[in-house]
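Reviewing the structure listed below.
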Amino acid sequence: MRLTVNGREHEIASAPLTALLHVLREELEITSPKAGCQQGGCGTCTVLVDGEPRRSCLTPVVMVDGAAITTLEGLGEAEELSAVQAAFHNKYAAQCGFCTPGMVVAATALIERKGGAVDRDDVLEALGGHYCRCTGYVKIVDAVMAASRGDVEAVADLPTPGESEPDVLVKGSPA
Amino acid sequence: MAAEALVPSSAAEAVQLFGDGKDITVFAGGTILMPEIAAGRLKPARTLLLHRSGLDELRIDGDVIRIGATVPVAALVDGSNELLARFAQEIGDREVRAAATVGGNICATAGLGAQRGDLGAPLIALGARVRSDGKGGERTEPVEDFLAGDRSGRLVLEIEVDAPKGAWSAQTLRRRHAHSYSVANVAICSNGDGLRVGVSGIGPAAVRARTVEQSRNAEDVLKDVDPVDDALASAAYRQKMLVVLTQRALDEVGKA
């Protein structure tokens with residue numbers, strides 16, 4: 001099986017029914033899709049499959065053989081955030097951050113689909129299956145609407161990953 | 001023995017690999033099976049994945065819609081059949097509806113007691129037919145007969161459904177939660193000379209409520225169905241609410 005993830009091609013060795021989520025996290029060490037409920041119910045594992053938002057925990061890798069996958073890592077760089085990422089930063093839309101990857105990916109797909117400004121109901125429909133247990137929904141919805149209008153300020157003060165950053169990567173852990 | 005994942009590239013190949021359905025797990029959208037596999041409750045030895053078998057076609061043939069088994073539920077939300085759309089839009093969320101299939105919805109086995117497929121009620125009310133294959137060969141039958149039979153030996157290929165011919169009503173009761181299965185669903189269609197009443201979400205499979213069709217008395221719904229207890233609702237609550245939903249549906253169809 002082959003996957004193109006964030007523009008890079010990979011040959012996949014996992015068993016065919018392995019959830020795309022675990023292929024991304026454990027085989028490819030791409031850890032923005034989080035292993036939350038793993039029942040399709042929380043939204044934080046959402047990735048784009050050929051541009052469409054999908055639950056990676058509900059998708060066996062064999063079903064997306066040959067597809068192009070985009071995760072949060074593929075949307076922007078630390079030095080150059082995507083519009084939705086920058087809006088989340090500007091509007092304080094991330095608290096603990098666990099739901100953020102799924103929210104940003106699904107919101108990016110919504111704006112792409114609508115091709116311009118989205119209203120509150122559009123956001124509620126698109127993010128209706130995404131849970132934020134910090135309950136920061138108001139700021140998340142504001143951020144998505146702002147990003148869709150292009151009402152985004154460049155972010156200059158992000159800490160850049162450096163040598164001082166601890167290397168924390170526990171395979172299979174939700175973090 | 002390593003688990004086998006079969007990916008047929010045509011409907012004919014899918015039917016041949018399915019055989020009589022013994023010792024094979026049919027995998028359509030994955031929204032029900034993947035959580036079972038993730039939790040370790042299901043360890044399928046032979047899995048038949050249908051995503052490349054060409055069963056994902058939705059054709060409109062005059063007043064008849066032909067829905068391939070692996071057409072996503074999302075396709076019904078924007079579809080021309082308003083009654084199906086009313087139920088489809090309540091299922092899961094955008095991402096779940098894009099993955100979940102119509103065939104999977106009607107084959108969904110009982111979860112914690114009640115069936116997890118919502119579409120049974122409107123399909124029964126609309127007089128839908130199910131074309132399936134398996135032991136004894138291909139056959140087409142009313143959806144209520146298919147649901148009452150042993151689904152494990154059948155591979156659904158297509159569902160054909162007519163547009164509503166007269167007044168209809170869709171009544172659904174569920175928790176305000178994007179991922180909750182429904183507590184009870186009632187769908188009624190009037191076709192001039194009679195009613196068709198479908199009920200889902202209350203027991204192991206959706207059923208046709210024939211007694212209500214004749215009497216038009218909402219309380220008779222309890223003569224046709226036997227609600228179960230599960231984590232979402234008690235049988236007693238379902239009984240009370242079914243009568244309420246049936247009455248509302250009868251009123252709505254009667255006024256139209």
Side-chain angles (χ1 to χ4, degrees), chain A residues 1 12 14-23 33 35-67 102-103 105-107 109-110 113-114 121-132 137 172 174, chain B residues 1-9 25-53 56 70 72-75 77-78 89-101 104 111-112 116 175-181:
Chain A
M1 293 177 289
I12 302 300
S14 297
L17 288 186
T18 311
L20 174 62
L21 171 68
H22 297 303
V23 172
C37 72
Q38 298 185 63
Q39 298 181 12
C42 77
T44 188
C45 71
T46 302
V47 300
L48 301 180
V49 176
D50 293 329
E52 293 294 321
R54 288 299 171 98
R55 291 282 142 75
S56 64
C57 76
L58 293 179
T59 309
V61 64
V62 67
M63 272 183 86
V64 290
D65 186 7
M103 294 276 189
V105 166
L110 166 69
R113 202 159 58 232
K114 296 281 178 183
D121 286 344
D122 294 331
V123 182
L124 297 188
E125 196 273 330
L127 299 184
H130 292 251
Y131 283 17
C132 167
Y137 294 108
Chain B
M1 194 185 72
E4 225 183 326
L6 308 166
V7 184
S9 55
T25 303
V26 178
F27 195 110
T31 56
I32 289 171
L33 292 186
M34 284 302 277
E36 297 295 307
I37 293 170
R41 287 189 292 266
L42 180 71
K43 295 186 175 74
R46 284 183 85 217
T47 309
L48 182 66
L49 291 113
L50 298 178
H51 62 287
R52 297 265 157 89
S53 57
D56 58 349
T70 65
V73 168
V77 176
D78 308 316
Q89 72 192 11
E90 298 285 342
I91 294 171
D93 62 37
R94 172 171 275 277
E95 285 101 44
V96 169
R97 288 191 294 271
T101 67
L112 299 159
R116 294 183 278 200
R175 296 189 177 188
R176 293 309 305 160
H177 178 316
H179 301 290
S180 183
Y181 294 103

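Quick note on labels: first sequence line is chain A, next is B, and so on, each numbered from 1. Note that the structure is a prediction, hence the values are computed from the model and not measured.
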Residues forming a salt bridge (Lys or Arg N to Asp or Glu O under 4.0 Å) with A/Glu52, sequence neighbours excluded: none
Heavy-atom distance under 4.5 Å to chain A: side chain of B/Thr31, backbone, both or neither? both
Check this for me, if you would: do A/Arg55 and B/Asp93 make a salt bridge, where the nitrogen-to-carboxylate-oxygen distance has to be below 4.0 angstrom? yes
Any B/Met34 side-chain heavy atom under 4.5 Å of B/Phe27 side chain: yes
Chain B: which of A/Pro60, A/Pro16, A/Ala19, A/Ala109 shares the most heavy-atom pairs with it under 4.5 Å? A/Pro60
Show me the pairs that pass salt bridge (Lys or Arg N to Asp or Glu O under 4.0 Å) and involve residues 36-48 of chain A, at least two apart or across chains. none
Indicate yes or no: at least one non-hydrogen side-chain atom of A/Met103 is less than 4.5 angstrom from one of A/Tyr137. yes
Is a side-chain N or O of A/Ser56 found less than 3.5 angstrom from the main chain of A/Cys45, in a donor-acceptor match? yes
Which atoms of A/Cys57 are under 4.5 Å from chain B, going by heavy atoms: the side chain, the backbone, both sets, or neither? backbone
Donor-acceptor check, side chain of B/Arg94 to backbone of A/Gly129, threshold 3.5 angstrom: yes or no? no
Positions in residues 37-44 of chain B that reach chain A, provided some heavy atom is under 4.5 Å away: B/Ile37, B/Ala38, B/Pro44
Run the side chain to side chain contact (heavy atoms under 4.5 Å, CB included) test against B/Pro35 and tell me which residues pass, sequence neighbours left out. A/Gln39, A/Leu58
Please flag which part of A/Pro53 lies under 4.5 Å from any non-hydrogen atom of chain B: side chain, backbone, both or neither. both
Okay, A/Thr59 and chain B: the region with an atom under 4.5 Å from a heavy atom over there is backbone
